[in-house]
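Beneath this line is the structure, given in structure tokens, with notes to follow.
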2 protein chains.
Amino acid sequence: MMGKPKYKRSRQRERILHLLRGTDIHPTAVWIYDQLKQEFQDLSMGTVYRNLNILVELGLVAKIACGSTFDRFDGNVEPHYHFFCEKCGSVLDLPLEVDESLNRKVEELTNFMVRGHTMEFLGLCDKCSSRQQ
Amino acid sequence: MMGKPKYKRSRQRERILHLLRGTDIHPTAVWIYDQLKQEFQDLSMGTVYRNLNILVELGLVAKIACGSTFDRFDGNVEPHYHFFCEKCGSVLDLPLEVDESLNRKVEELTNFMVRGHTMEFLGLCDKCSSRQQ
DNA sequence: GTTCATGCAAATCGTTTGCACAATG
DNA sequence: CATTGTGCAAACGATTTGCATGAAC
């Protein structure tokens, strides 16, 4: 008893995944809650977080620690790099190709077993940099 | 009135900076608190956090968002990449040289103004990978 | 009918803040 | 003495969890 649970379907979870796959803004849990609140009038944040964690566990969604006090979530689980705008706080995908060879390079330089890497660029996005001074 | 404060010396802040410069374990606030608790018997977490934030603001210390629920701090503010061990949770510095040219590359591919980037490798550290199965 | 999901509210945890008093310059 | 730093305790905000009920299979 008490093995790994075999998740059942849930309308809420399916809608959360669909929402995440349909946007590239790397939403927060609150954003997802606000979107679905209209559809499920008595949705709770507990349900949103529980399902987000399950989706991450299943490898269908990625959690992004963007240096803020809150997390963001990404429906695109293919490796890619991010850009964080230090002015407006937006998180954007970059068209820079992922360099998987870096993983082997680090393994050669260390005794670590490398599974992958993330890279985040910081600065001002197009909108914020054109509005500067 | 109420301009940017001109910070005065404080024994606590100096010791925190000294501690961070003397270790490469990328400590948490609690670790720093525990170290200094012996020296300042009635030290409080508030003081630790306030000083860490000041040191970060002054550019003397870097805050590391390591995907956990808590932050880590780094007395080494020279650009360098990190490795996060997914088993023991340790954060380690990598001898991989920082590729500053990536910043310009991203600027060429986008309309963003890039100030810098961070990169984190994930996997098992030497101790944890040798202990595996 | 057994297991998993939900909403609700309370709990948790890392961090921040208001306040009265001590230290700095 | 004007300003910043401290300890304390309370507040905060994002996330998690216990519980009774509802949905999935």
Side-chain angles (χ1 to χ4, degrees), chain A residues 1-20 26-58 60-74 89 91, chain B residues 1-20 26-58 60-74 89 91:
Chain A
M1 72 274 272
M2 275 289 88
K4 299 286 152 62
K6 34 221 153 339
Y7 300 116
K8 305 179 174 179
R9 299 178 66 244
S10 106
R11 299 221 312 111
Q12 288 88 335
R13 184 151 65 237
E14 282 170 354
R15 292 291 294 122
I16 290 173
L17 180 56
H18 185 257
L19 265 182
L20 282 171
H26 310 87
T28 63
V30 188
W31 184 90
I32 294 168
Y33 173 83
D34 289 341
Q35 298 293 310
L36 293 183
K37 187 65 176 178
Q38 313 160 33
E39 195 169 337
F40 305 91
Q41 316 88 294
D42 45 7
L43 181 67
S44 78
M45 287 298 299
T47 296
V48 173
Y49 278 111
R50 263 184 297 238
N51 281 313
L52 284 170
N53 287 337
I54 290 173
L55 291 170
V56 168
E57 180 194 336
L58 295 177
L60 299 172
V61 163
K63 185 188 286 195
I64 306 175
C66 47
S68 309
T69 61
F70 50 85
D71 290 325
R72 287 172 172 271
F73 296 88
D74 196 341
V91 176
Chain B
M1 73 277 270
M2 275 290 87
K4 300 285 153 65
K6 36 229 148 333
Y7 299 116
K8 306 179 174 180
R9 300 178 66 243
S10 108
R11 299 221 313 111
Q12 288 88 334
R13 183 151 65 237
E14 283 171 354
R15 293 291 294 123
I16 290 173
L17 181 56
H18 185 258
L19 264 183
L20 282 171
H26 310 87
T28 63
V30 189
W31 184 90
I32 294 169
Y33 173 83
D34 288 340
Q35 298 293 309
L36 293 183
K37 186 66 175 178
Q38 313 162 32
E39 195 169 338
F40 305 92
Q41 316 88 296
D42 45 7
L43 181 67
S44 78
M45 287 298 299
T47 296
V48 173
Y49 278 111
R50 262 184 297 238
N51 281 313
L52 284 170
N53 287 337
I54 291 173
L55 291 170
V56 168
E57 179 193 337
L58 295 176
L60 299 172
V61 162
K63 186 188 286 195
I64 306 175
C66 46
S68 308
T69 60
F70 50 85
D71 289 325
R72 287 170 172 270
F73 297 88
D74 196 341
V91 176

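Atom set for the values below is all heavy atoms of this structure, side chains included, hydrogens, waters and symmetry mates excluded. Just so you know, these numbers come straight off a predicted model, no measurement behind them. Numbers restart at 1 for each chain; the letters A, B, ... are given by sequence-line order, proteins then strands.
- Considering only side-chain N and O atoms, B:K6 lies nowhere under 4.0 angstrom from the phosphate OP1 or OP2 of D:dT3.
- Atom CD in A:E39 sits roughly 12 Å away from atom P in C:dG7 (whole-Å rounding).
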Scan nucleotides 21-25 of chain D against the protein and return all N/O pairs shorter than 3.5 Å with their distances rounded to 0.1 Å.
| unit_1 | atom_1 | unit_2 | atom_2 | d |
| --- | --- | --- | --- | --- |
| D:dA24 | N3 | A:K8 | NZ | 3.0 |
| D:dC25 | OP1 | A:R9 | N | 3.4 |

Test log, rule side chain to side chain contact (heavy atoms under 4.5 Å, CB included), inputs A:I64 and A:D71: CA-CA 6 Å; A:I64 306 175; A:D71 290 325; over 6 Å; no
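- In this structure, B:K37 and B:D42 approach most closely via the heavy-atom pair NZ-CA, 3.9 Å.
- The interatomic distance linking B:Y33 (OH) with C:dT15 (C1') rounds to 15 Å, in whole Å.
- Projected onto DNA chain C by closest heavy-atom contact, A:Q41 and B:K63 fall at different nucleotides, the more 5' of which corresponds to A:Q41.
- Rounded to an integer number of Å, the gap from B:D71 CG to D:dA14 P is 14 Å.
- Helix-axis bend for the helix from C:dA5-D:dT21 to C:dG25-D:dC1: the local axis fitted to the five terminal pairs at one end deviates from that at the other end by 20°, rounded to 10°.
- Protein atom CZ of A:F70 is 20 Å distant from nucleotide atom P of C:dG14, rounded to whole Å.
- At distances below 3.5 Å, at least one donor-acceptor pair connects side-chain atoms of B:R13 with backbone N or O atoms of B:K8.
- Nucleotide C:dA23 holds its P atom 16 Å from the CZ atom of B:R13, rounded to whole Å.
- Using a 4.5 Å heavy-atom threshold, the side chains of A:L52 and A:I16 count as touching.
- Side-chain nitrogen and oxygen atoms of B:Q12 include at least one within less than 4.0 Å of the OP1 or OP2 phosphate oxygen of D:dT6.
- Near DNA chain D, meaning a heavy atom under 4.0 Å away, the residues from residues 43-54 of chain B are B:L43, B:S44, B:T47, B:R50, B:N51.
- Note: CZ (B:R15) to P (D:dG5) measures 18 Å, nearest angstrom.
- Nearest heavy-atom pair across B:H26 and B:R72 is O-NH1, 2.8 Å.
- Across the protein-nucleic acid pair, A:D42 atom CG and D:dA20 atom C1' stand 15 Å apart, rounded to whole Å.
- When the P atom of C:dT16 is taken as reference, atom CD of B:E57 falls 13 Å away, rounded to whole Å.
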